[in-house]
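Predicted model only: the values in this text are computed from it and were never measured. Below, read A as the first sequence line, B as the second, and so on, with proteins coming before strands; counting in each chain starts at 1. As a basis for the values below, the full set of heavy atoms in this structure was taken, side chains included, without hydrogen atoms, waters or symmetry mates.
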2 protein chains.
Amino acid sequence: MNDKDRKGLHSALKSKGLRPTRQRTCVYETILGKKDHPNADEILLRVRRNLPTISLATVYNCLDALVDCGLVRQVNLDRSPSRFCPNLTPHAHFKCNRTGKIHDIPMDPKVVASLESSLPKGFTAENFDLSFIGSTDKKNHS
Amino acid sequence: MNDKDRKGLHSALKSKGLRPTRQRTCVYETILGKKDHPNADEILLRVRRNLPTISLATVYNCLDALVDCGLVRQVNLDRSPSRFCPNLTPHAHFKCNRTGKIHDIPMDPKVVASLESSLPKGFTAENFDLSFIGSTDKKNHS
DNA sequence: ACACAAAAATGGAATTATTCTAATTCCAAA
DNA sequence: TTTGGAATTAGAATAATTCCATTTTTGTGT
Ligand SMILES: [Mn+2]
Ligand SMILES: [Mn+2]
Ligand SMILES: [Zn+2]
Ligand SMILES: [Zn+2]
């Protein structure tokens with residue numbers, strides 16, 4: 001984790017009155033390290049390589065703190081376990097039904113604007129979620 | 001339930017080799033009757049007014065059959081219990097965080113097209129899900 | 001009508017992601 | 001260095017959904 005990320009973590013936590021504990025730092029580091037939308041179980045496995053005694057409850061606590069601070073996005077597709085994503089830019093998710101992989105799809109501000117403006121009068125969105133299901137060709141099987 | 005709906009139910013079920021049982025018919029009728037995106041528990045309550053002995057397992061079985069036949073859409077928002085919607089036209093969902101109500105948001109084919117075309121080369125979507133969270137003004141508190 | 005087989009419904013147990021609880025440990029400030 | 005609140009922990013609890021074994025219903029052929 002670089003200095004900017006560490007700085008961002010500390011200030012975002014502080015702004016909510018939370019402390020940058022070893023566990024929170026390591027969970028955040030882990031999510032930044034591999035942008036593949038892991039779920040809590042997978043994050044537990046990865047974090048335990050550095051903090052072998054961390055518990056699943058703590059992983060959930062840390063994830064909740066990071067989400068509440070806006071450092072991480074919680075991604076819910078269908079009814080599968082929540083996944084976590086460090087990409088804070090407006091983007092959609094694409095789940096390939098052949099590989100099971102989740103891909104980030106960057107969203108053009110134009111498209112975002114057209115989405116928001118498609119809301120009828122009287123509706124004010126403060127957030128949206130967009131996901132696709134489909135298949136990817138061989139190039140995206142990374 | 002009108003004749004067209006009953007016809008659609010029977011043919012959609014038949015096309016999957018399923019039978020239009022009393023339970024399936026009643027669950028479908030219930031979902032058509034009030035387009036408020038009920039979950040399985042709420043559907044159980046409503047269906048029991050006509051079929052007092054139906055079980056929750058059967059409601060889930062029926063919902064699965066109806067979804068598999070394409071007669072009903074399963075709507076998952078965050079990690080709350082699945083909701084069910086008879087609106088088969090392309091539409092998004094809007095959850096009002098003041099009232100908790102779910103609203104259908106019709107989607108202009110232009111916007112749908114711009115969504116699909118925002119996918120990078122190599123990604124082919126066969127489906128998408130779009131939901132908003134926000135607030136509605138008094139007019140939409142129906 | 002009757003018998004049979006397949007499909008469906010049923011109740012309850014099992015599963016599983018997540019949250020809760022109560023006990024312990026950590027840590028920043030006094 | 002004490003200490004009080006914050007955080008972590010293990011395990012129990014919760015709740016939506018699925019599974020399983022049994023019973024009921026239904027369609028078909030006699
Ligand atoms: Mn939270
Ligand atoms: Mn299904
Ligand atoms: Zn993402
Ligand atoms: Zn709907």
Tabulate below the donor-acceptor pairs under 3.5 Å that side-chain atoms of residues 26-34 of chain B make, not counting sequence neighbours, or state none.
{"residue": "B:Thr30", "atom": "OG1", "partner": "B:Cys26", "partner atom": "O", "Å": "2.8"}

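- With sequence neighbours excluded, the residues that form a ring pair (Phe, Tyr, Trp, His ring centres under 6.0 Å) with B:His91 are B:His93.
- Within the 4.0 Å cut-off from OP1 or OP2 of D:dT8, not a single side-chain nitrogen or oxygen of A:Ser55 is found.
- Ring orientation note: the planes of A:Phe128 and B:Phe132 are tilted relative to one another, at an angle of 30° to 60°.
- Taking atom CG on B:Leu13 and atom C1' on D:dG27, their separation rounds to 16 Å, with Å as the unit.
- For A:Asn39 (side chain) and A:Asp41 (main-chain N/O), a donor-acceptor pair under 3.5 Å exists by modelled atom type.
- One interatomic measurement links the two molecules: CZ of A:Arg48 to C1' of D:dT8, which rounds to 13 Å at whole-angstrom precision.
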Sequence neighbours excluded and cut-off under 3.5 Å, please list the side-chain donor-acceptor pairs for residues 6-15 of chain B, or say none.
{"residue": "B:Ser11", "atom": "OG", "partner": "B:Lys7", "partner atom": "O", "Å": "3.4"}
{"residue": "B:Ser11", "atom": "OG", "partner": "B:Gly8", "partner atom": "O", "Å": "3.4"}
{"residue": "B:Ser15", "atom": "OG", "partner": "B:Ala12", "partner atom": "O", "Å": "2.8"}

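- Atom CG in B:Leu51 sits about 15 Å away from atom C1' in D:dT24, given to the nearest Å.
- In this structure, B:Arg24 contributes its side chain and B:Leu66 its backbone to no donor-acceptor pair below 3.5 Å.
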_Output one letter per nucleotide in nucleotides 12-24 of chain C: B when a protein non-hydrogen atom lies under 4.0 Å from the base, S when only the sugar-phosphate is that close, - when neither is._
B----SBBB----

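- For DNA chain D, the neighbouring residues in residues 14-35 of chain A, judged by any heavy atom under 4.0 Å, are A:Leu18, A:Arg19, A:Thr21, A:Gln23, A:Arg24.
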Counting only pairs under 3.5 Å, give me each side-chain donor-acceptor contact of residues 47-59 of chain B, with atom names and distances, residues two or more places apart or in other chains.
{"residue": "B:Arg48", "atom": "NE", "partner": "B:Ile54", "partner atom": "O", "Å": "2.9"}
{"residue": "B:Arg48", "atom": "NH2", "partner": "B:Ile54", "partner atom": "O", "Å": "2.9"}
{"residue": "B:Ser55", "atom": "OG", "partner": "B:Thr58", "partner atom": "N", "Å": "3.2"}
{"residue": "B:Ser55", "atom": "OG", "partner": "B:Thr58", "partner atom": "OG1", "Å": "3.1"}

*Evaluate the criterion side-chain hydrogen bond (donor to acceptor under 3.5 Å, both in side chains) for residue pair A:Glu126 and B:Asn97; output intermediate values, then yes/no.*
CA-CA 10 Å; A:Glu126 48 194 47; B:Asn97 50 23; 3.1 Å; yes

